[in-house]
Amino acid sequence: MSRRILAAGNWKMNKTPSEATALINELKEKVSNAKNEVLVCPPFVCIPDVCRVAAGTNISVGAQNLYYEDKGAYTGEVSAQMLLDLGVKYVIIGHSERREYFNETNDIVNKKVIQAIKNNLIPVICVGETLEQREDGVTFDFIRTQVKIALRSVCAQDAANLVIAYEPIWAIGTGKVATSEQANEVCADIRRCIAGIYDENTAQSIRILYGGSVNKDCAAELFAMSDIDGGLVGGASLKAEDFSIIADA
Ligand code: PGA
């Protein structure tokens, strides 16, 4: 089964709406013939402008988070329907920064995944181990737990369509990229885990990205690995030139 490579940019808490508009305008020219699927995930307040500029281009827009309730008295939160109404297609869920700074647990991640699917948003579920867990030899166990709980009550058909991003925490924003072999080994194990929960077909259709200091120089090698289907890119996605090279890698 062929899985299209996805180059996903996670802008995190960077860019004001006017800066975001400038970046997406620059990017849309540079990636208009990109080989890979291109996704950008700006901060919430930038999404309307970015969606407007990206409309009719080959760039999809994602959010970095959502809340798991439909609507109501949840001050400060953003719902799936609000995102959908703007033209958002993907939503990052369970990024390690959200798990660490905003106390997102595996159960919360699962609720958000279900809410995204229910509203036809494609979840990009983030998983990844700390350096300490890697050194303790519990990487696979830890990540399998994250994957299994994130996908609780998700049917095979819905699972086949979603995206998982393997992002070792020690590689995020540190400039310390996992080797292609290290990254592929975990992505392959995530795929085996999916096959165990569902079946081989589902495992073969799901896209698994690598994230953690992906840059224009290492992307091609990572994306060529058997079980890596693209990248979730932080820092390098803020530079149109660099991200356009990743979009073609
Ligand atoms: P980075 O971030 O590319 O800056 O390491 C990746 C991510 O956190 O998604």
Side-chain angles (χ1 to χ4, degrees), residues 5-15 19-20 23 27 31 36-44 46-47 50 59-66 88-104 109 112-113 116 122-131 133-134 139 142-143 146-147 150 162-180 182-184 186-187 190 207-223 225 228-249:
I5 298 284
L6 174 62
N10 174 9
W11 294 3
K12 307 193 180 182
M13 197 177 73
N14 294 294
K15 305 290 174 190
E19 290 166 349
L23 177 57
L27 189 66
V31 301
N36 304 328
E37 183 180 345
V38 183
L39 167 66
V40 296
C41 302
F44 285 135
C46 302
I47 290 177
V50 170
I59 304 175
S60 301
V61 181
Q64 299 172 18
N65 184 27
L66 53 54
V88 166
K89 190 171 167 197
Y90 289 86
V91 57
I92 298 173
I93 296 176
H95 190 280
S96 61
E97 287 149 16
R98 295 215 56 86
R99 294 179 191 258
E100 182 179 352
Y101 307 133
F102 303 99
N103 304 315
E104 281 195 15
V109 169
K112 292 185 173 185
V113 168
I122 303 173
V124 178
I125 304 170
C126 301
V127 297
E129 84 286 5
T130 62
L131 185 58
Q133 287 164 332
R134 177 159 281 266
T139 296
F142 182 73
I143 285 170
Q146 288 185 316
V147 169
L162 56 75
V163 179
I164 294 179
Y166 166 55
E167 301 203 300
I169 292 168
W170 47 271
I172 295 178
T174 56
K176 201 172 167 219
V177 195
T179 66
S180 312
Q182 275 176 329
N184 195 56
V186 178
C187 292
I190 292 172
R207 284 188 293 182
I208 304 176
L209 313 182
Y210 165 77
S213 299
V214 173
N215 60 54
K216 63 178 172 31
D217 301 317
C218 67
E221 184 184 324
L222 285 161
F223 298 177
M225 300 303 284
I228 301 178
D229 307 315
L232 183 55
V233 186
S237 73
L238 297 171
K239 294 174 220 141
E241 179 65 28
D242 289 24
F243 193 57
S244 68
I245 294 170
I246 295 168
D248 240 345

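Remember, it's 1-based here, ligands and their atoms both numbered in the order they're listed.
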Show me which atoms of ligand 1 lie under 4.0 Å from any heavy atom of [X].
X	result
Asn10	9 (O)
Gly212	5 (O)
Glu167	6 (C), 7 (C), 8 (O), 9 (O)
Ser213	1 (P), 3 (O), 5 (O)
His95	7 (C), 8 (O), 9 (O)

Using side-chain heavy atoms (C-beta onward) and a distance below 4.5 Å, is [X] in contact with [Y]?
X	Y	result
Leu232	Ile92	yes
Phe142	Thr130	no
Tyr166	Ile228	no
Lys216	Lys239	no
Asn184	Tyr210	no
Lys12	Leu238	no

Examine distances only and state if a side-chain atom of Arg98 and a backbone atom of Gln64 form a donor-acceptor pair shorter than 3.5 Å.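 Such a contact is absent between Arg98 side chain and Gln64 backbone.
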If only atom types and distance count, is the side chain of Glu129 paired as donor or acceptor with the main-chain N or O of Ile143 below 3.5 Å? no
Under 4.0 Å between heavy atoms, the region of Ile172 that gets near ligand 1 turns out to be both
Who's the nearest protein heavy-atom neighbour of atom 2 (O) of ligand 1, and how far?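 Result: Lys12 NZ, 3.2 Å.
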Can you tell me which residue and heavy atom of the protein come closest to atom 3 (O) of ligand 1, and the distance to 0.1 Å?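 That would be Gly234 N, 2.8 Å.
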Are any of the N/O atoms in [X] less than 3.5 Å from those in ligand 1?
X	answer
Val233	no
Thr174	no
Gly235	yes

